[in-house]
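Below is one structure, written out as structure tokens, with a few remarks after it.
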Amino acid sequence: MADQVLARETFLLKNRQFDVTLSPTALSWYPLTAGDALHALDSNTVDLSEVIAVTPVEKHCHRNKDGFSDIELTPISCSRFAVHYVQKKRGRIWRPGKVTFKCPDPTVCRQWIDRLQERLNQEYLRPRRLLVFVNPFGGKKRGVQIYQQKVAPLFDLARIKADVIVTERAGHARDLLQELELNKLDGIVCVGGDGMFSEILNGLITRTQQEAGVDKDWLAAELVRPHLRIGIIPAGSTDAVSYATVGVNDPVTSALHIIIGDCQPLDVSSVHYRSQLLRYNVSFLGYGFYGDVVRDSDLRRWMGPTRYDYSGFKKFCRRKIYEGEVAFLPCTDQGSSPYDQIRCTEGCLVCKQAGEKDKPTPFNPSEQPRAVETFGPGGWQRVRGRFIAINAATNSCACKKTPKGVSPSAHLADGCTDLILIHATPRYRFLGHLLKHLTDSDRFNHSFIEVYRVREFKFRPVIIEEAEDEMVEDEEAGVLSRRNCRRNTRRNSVWNCDGEIIDQPAIDVKVHCQLIKLFARGIEEKKQSSCWPVGCFCA
């Protein structure tokens, strides 16, 4: 059934007459000049969900210079209006487009502006007030410039009130989120990299659990979902979250997703050590090789983004091996697999079904769930071995250098993480695995790699007993001497948690399905049978 026509009028566009139609979901314009193929190219239909703003165009004229020492501009009644909308370019890039219509008289112009604005306000969950954190130190240190030149003008155009805070230190945004009034906000935006996003994510979730009375340190606790969406304006080194949720790391594209009010649910993992919450993780956890890389690169921040290449090459040459045991709870009811080569895209059916199964229930401290671990078929499983790396990808972890990501088939909101176990292997085989990240090749097609889609996992490093010489004090002689003894020592790596370091190797991890919402819609691809129409199904 065709959409109902709310308004229809003949307007001038580029000095040609166009039939302009407004329906509940779209704005369309078609040239009235029949048989003109070139004019037909100007036909267009724009979804109202992707209209940025509607503005009057106030034409000005100036008085004749004769007899005047100065030029004075005098406004004329508005008879034109502009529709600003999203133009989709190649490579998932969005840019603002504009079409200007000339109306028969100012009254008609005002009526159309009001109708369009009414539709935008009533039908779509667009933000009107945002809290914006800008990291001036991340990536190439262009966060402030990116916001002022590329994002702020678009927010002004869309009439979004933005309270901007430029952070002064690490943890600044997280600390402020525990103090600021958030009830009048429609969302929080971070201008920075994955580290800045992780900081805001941790601050917002922590505050939400505190206000709800949830014990965040308890691994089995059902966390309460924050009501605010988070927007990301990429200005970091890798911008993996932007790549995974939008498909590019383009500030203008991300700003437009925020303006039109897109909504994408996202899984979050809680990382615990000895019944204490360490961090919330939304993208990547890596022990061994990737942990060593982030620890080494953290000492070389002065090198900028190139520090990752340097540290990666250095740690590859050393190729340390770590022994440990991984216990995990497989995800058996999703109908998806890390090997199925099906990407999570806009309106993903797997994520939609996961959200329907995991509807939130009101938190009741007296009815806390009981954690039960059952090993065997359908329950927990164990793998013990010597590993180069142990990775967990809650989403694809794609970035510019790894277009398909660490786990290309990982989903954004299915309540699972892909656990990747890379066993000890010769250096040249590990290099072959790493090089496949630069291409579309199957990076898991190796005998030394195991991949599991899991809801929870635990890692315990193995204690190695070895002989060491120890310096001891001879009280009679008053000197230090060596003695040979046997001692339990740990040869441990650290965890790379979304680019931040976790020193404790023994951790417990649980995935919380669709815990937060982003101003995004997933990666736009050609519509397939596995996708549904875009929309926020996380409420």
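Because only heavy atoms are used, hydrogens play no part in the values below, and waters and symmetry mates are left out as well, while side chains stay in.
Rounded to the nearest 0.5 angstrom, Ile230 CD1 and Ile200 CD1 are separated by 7.0 Å. Of the inter-residue distances, the one linking Met196 atom CE with Ile232 atom CD1 reads 11.5 Å to the nearest 0.5 angstrom. Between the CZ atom of Phe101 and the NZ atom of Lys14 there is a distance of 10.5 Å, given to the nearest 0.5 Å. Note that CD of Glu222 and CD of Gln209 are 10.5 Å apart. Values are rounded to the nearest 0.5 Å. To the nearest 0.5 Å, the span separating CG on Leu412 from CZ on Arg521 amounts to 14.0 Å.
The backbone N or O of Glu524 sits nowhere less than 3.5 Å from a side-chain atom of Thr345 that would complete a donor-acceptor pair. The main-chain N or O of Pro265 is never found under 3.5 Å from a side-chain atom of Gln514 such that the two would form a donor-acceptor pair. Under a 3.5 Å cut-off, the side chain of Arg95 and the backbone N or O of Val252 do not form any donor-acceptor pair. Side chain of Glu181 to main chain of Asn183: a donor-acceptor pair is present (N/O by atom type, distance under 3.5 Å, no hydrogens or angles). Remark: side-chain polar atoms of Thr253 are paired, donor with acceptor, to backbone N or O of Trp94 under 3.5 angstrom. In this structure a side-chain-to-backbone donor-acceptor pair under 3.5 Å is present from Asp186 to Arg129. A side-chain donor-acceptor contact under 3.5 Å links Arg126 to the backbone of Ser49. Not one N or O on the side chain of Asp163 forms a donor-acceptor pair closer than 3.5 Å with the backbone of Leu131. In this structure a side-chain-to-backbone donor-acceptor pair under 3.5 Å is missing from Glu346 to Gly522. Side chain of Arg119 to backbone of Pro24: a donor-acceptor contact under 3.5 angstrom is found.
Within 6.0 Å of the CZ atom in Arg8, the count of heavy atoms belonging to other residues, nucleotides or ligands does not exceed 12. The environment of Lys141 atom NZ is sparse: at most 12 non-hydrogen atoms of other residues, nucleotides or ligands sit within 6.0 angstrom.
The pair Asp250-Lys150 does not meet the salt-bridge criterion, since no charged nitrogen lies less than 4.0 angstrom from a carboxylate oxygen.
Two residues are said to be in side-chain contact when any heavy atoms from C-beta on lie closer than 4.5 Å; Tyr147 and Ile233 fail this criterion. Ser198 places a side-chain heavy atom less than 4.5 Å from the side chain of Arg279. Considering only heavy atoms from C-beta on, His257 comes within 4.5 Å of Asp262 through its side chain. Between Asp47 and Thr25 the shortest side-chain heavy-atom distance does not fall below 4.5 Å. Annotation: side chain of Val99 is not in contact with side chain of Asn44 (no heavy-atom distance under 4.5 Å). Residues Thr402 and Cys397 fail the side-chain proximity criterion, which asks for heavy atoms closer than 4.5 Å. Between Leu228 and Leu182 the shortest side-chain heavy-atom distance falls below 4.5 Å. Under the 4.5 Å side-chain criterion, counting only non-hydrogen atoms from C-beta, Leu277 is in contact with Ser270.
Screening Ser407, Ser409, Ser337, Ser396 for a side-chain hydrogen bond (donor to acceptor under 3.5 Å, both in side chains) with Asp418, the sole residue that qualifies is Ser407. None of Leu266, Thr208, Val282, Ile205 except one satisfies the side-chain contact (heavy atoms from CB on, under 4.5 Å) rule with Leu515; the exception is Ile205.
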Q) Between Phe519 and Leu130, does a side-chain contact (heavy atoms from CB on, under 4.5 Å) hold up when you go through it step by step? A) CA-CA 12 Å; Phe519 287 106; Leu130 298 171; 4.3 Å; yes
**Q.** salt bridge (charged side-chain N to carboxylate O under 4.0 Å, His left out) evaluation trace for Glu500 with Arg174
**A.** CA-CA 14 Å; Glu500 302 298 323; Arg174 183 189 63 239; over 6 Å; no
Q | Evaluation steps, side-chain contact (heavy atoms from CB on, under 4.5 Å), between Lys404 and Asp440 | A | CA-CA 7 Å; Lys404 298 295 184 180; Asp440 293 339; 3.0 Å; yes
Q. Would Thr417 and Asp267 count as a side chain to side chain donor-acceptor pair (under 3.5 Å) if you check the C-alpha gap in whole Å, the side-chain angles of each, and the deciding distance to 0.1 Å?
A. CA-CA 9 Å; Thr417 187; Asp267 293 338; over 6 Å; no
Q.
Pair Leu177, Phe133 - check side-chain contact (heavy atoms from CB on, under 4.5 Å), show working.
A. CA-CA 10 Å; Leu177 284 174; Phe133 289 101; 3.9 Å; yes
(Q) Working note: Leu6 + Glu118, criterion side-chain contact (heavy atoms from CB on, under 4.5 Å); need CA distance, chi angles, decisive distance, verdict. (A) CA-CA 12 Å; Leu6 300 180; Glu118 182 181 7; over 6 Å; no
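Inspection of the Tyr243 and Asn249 side chains reveals an N or O donor paired with an N or O acceptor under 3.5 Å.
In this structure, Trp112 and Phe81 have parallel ring planes: the angle between them is below the 30° cut-off, well short of the 60° mark.
When the side-chain hydrogen bond (donor to acceptor under 3.5 Å, both in side chains) test is applied to Asp217, no partner is found at least two apart in sequence or on another chain.
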